[in-house]
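What follows is a short report on a single structure.
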Amino acid sequence: MHVEAAGSRAGSADPLRQLAASARRLGNGIGAMGWAEIRKLRHDNIDIATRSVQPLLWLFIFGTALRRNRALAGGFHDYRAYLAPGIMAQAALFIAIFFGLAVIWERDVGQLQRLLATPLPRLAIVLGKACGAGIRALAQAFVLLAVLAITGISIKWSVTGVLGALVLLVLATGGFACLSMILASLVRTRERFMGIGQMVMMPLFFASSALYPLSIMPAWLRVLAHGNPLTYEVHGMRQLLLGINAGGTLWVDFVFVVAFLAVSAGVAAKTYPRAIL
């Protein structure tokens, strides 16, 4: 009887041990891939500066030209402040969508084949690369926040608001990076990927609330915007950084973005090995 009871306890503990071991392997893999991306960023500091030029042009040329347009700003007093979260999300989207180029480059030089031969779980590789995209987006967000502080563009400088907006930014960027890896696994050449990346990225950007509120969109575009992860990312960041609530709920924004990341990461983990075929 005692032997049977001990055997049953050991049997019930085995799945828990396996689950814990799988979680450790996944965490170690994500950490290793994320650290590799951080090391790349440390040796390529100029990349952050060059990538920051475009969002700053949007903010200070486009935003200043329409600064007093209260319709575009959803009634907010300064369109530049209203635009800032959208531009921050757009800059991160640019980083994430073209992250798939690295996958094609790794395949061309043979690095992808060696990576897939390691015991790392495919999900760990995908999430590790998504973590790298999030880190790059985070570094660029710090630059933009510093510019906002220096120029006196009015946002709510609360610790919880800024941290919450950055968390939402990283989660969404990871989801878009996974989407980029899915595209890269289906495309043979970098030139074709760049064309498809532009085709995906621009509709995502313009069919969202990054530049203007949903209320001024035509009905058909508003329907598309409600299914766009970028809309929920920008809405949540605006609520956290500006206190603007355009009719949504903050927890819904987080749930939608997390679900987008989970689904895109799961699909990317399945399709990622096809990149070498």
Side-chain angles (χ1 to χ4, degrees), residues 27 30-31 34 37-38 41 48 51-52 55-56 58-60 63 72-96 127 130-178 205 208-215 225-226 228-265:
I30 294 171
E37 292 299 330
I38 292 174
L41 186 59
I48 297 299
R51 287 182 181 274
S52 297
L56 292 177
W58 274 96
L59 187 62
F60 289 107
L72 279 181
F76 199 70
H77 64 276
D78 187 350
Y79 182 61
R80 294 177 306 168
Y82 180 87
L83 188 63
I87 293 306
M88 201 177 296
Q90 179 227 31
L93 174 64
F94 273 55
I95 290 173
L127 287 177
C131 178
I135 290 167
R136 286 180 178 268
L138 199 59
Q140 189 165 271
F142 285 139
V143 173
L144 293 176
L145 286 171
V147 171
L148 292 176
I150 292 169
T151 56
I153 294 177
S154 57
I155 67 171
K156 290 172 59 180
W157 292 103
S158 68
V159 174
T160 54
V162 172
L163 288 179
L166 293 176
V167 168
L168 193 58
L169 179 74
V170 169
L171 291 172
T173 303
F176 287 120
C178 291
F205 177 51
S208 74
S209 58
L211 297 178
Y212 27 68
L214 300 181
S215 58
H226 278 299
N228 185 349
L230 190 64
T231 295
Y232 294 87
E233 176 190 0
V234 173
H235 179 270
M237 290 176 67
R238 279 208 181 102
Q239 188 167 344
L240 288 163
L241 293 177
L242 302 177
I244 296 175
N245 187 340
T249 308
L250 187 59
W251 70 266
V252 173
D253 298 326
F254 273 95
V255 168
F256 193 97
V257 168
V258 170
F260 168 62
L261 172 59
V263 171
S264 58

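None of these values were measured; they are calculated from a predicted model.
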To the closest 0.5 Å, what do you measure between [atom1] ([X]) and [atom2] ([Y])?
| X | Y | atom1 | atom2 | value |
| --- | --- | --- | --- | --- |
| Gln90 | Ile95 | CD | CD1 | 10.5 Å |
| Leu230 | Phe205 | CG | CZ | 8.0 Å |
| Tyr212 | Leu83 | OH | CG | 11.5 Å |
| Ser208 | Tyr232 | OG | OH | 12.0 Å |
| Gln140 | Leu145 | CD | CG | 11.0 Å |
| Met88 | Arg238 | CE | CZ | 11.0 Å |

Testing the basics here: between [X] and [Y], what is the closest heavy-atom pair and its distance to 0.1 Å?
| X | Y | value |
| --- | --- | --- |
| Ala89 | Glu233 | CB-OE2, 3.5 Å |
| Phe176 | Ala96 | CB-CB, 3.6 Å |
| Ala177 | Ala133 | CB-CB, 3.7 Å |
| Ala210 | Val234 | CA-CG1, 4.1 Å |
| Ala265 | Leu127 | CB-CD2, 3.7 Å |
| Pro229 | Phe256 | CA-CE2, 3.7 Å |

Query - Residue pair Leu144, Leu56: steps toward the side-chain contact (heavy atoms from CB on, under 4.5 Å) verdict - result: CA-CA 8 Å; Leu144 293 176; Leu56 292 177; 3.6 Å; yes
Requested in this report: For Phe254 and Thr249, run side-chain contact (heavy atoms from CB on, under 4.5 Å): C-alpha distance rounded to whole Å, both residues' side-chain angles, the deciding distance at 0.1 Å, then the answer.
Outcome: CA-CA 9 Å; Phe254 273 95; Thr249 308; over 6 Å; no
Query raised in the report: Can Phe94 and Trp58 be said to form a ring-ring contact (aromatic ring centres under 6.0 Å, His included), step by step?
Result: CA-CA 14 Å; Phe94 273 55; Trp58 274 96; 8.8 Å; no
Indicate every side-chain donor-acceptor pair of residues 152-174 with a distance under 3.5 Å to a residue at least two apart or in another chain.
unit_1	atom_1	unit_2	atom_2	d
Ser154	OG	His77	NE2	3.2
Ser158	OG	Gly161	N	3.1
Thr173	OG1	Leu169	O	2.7

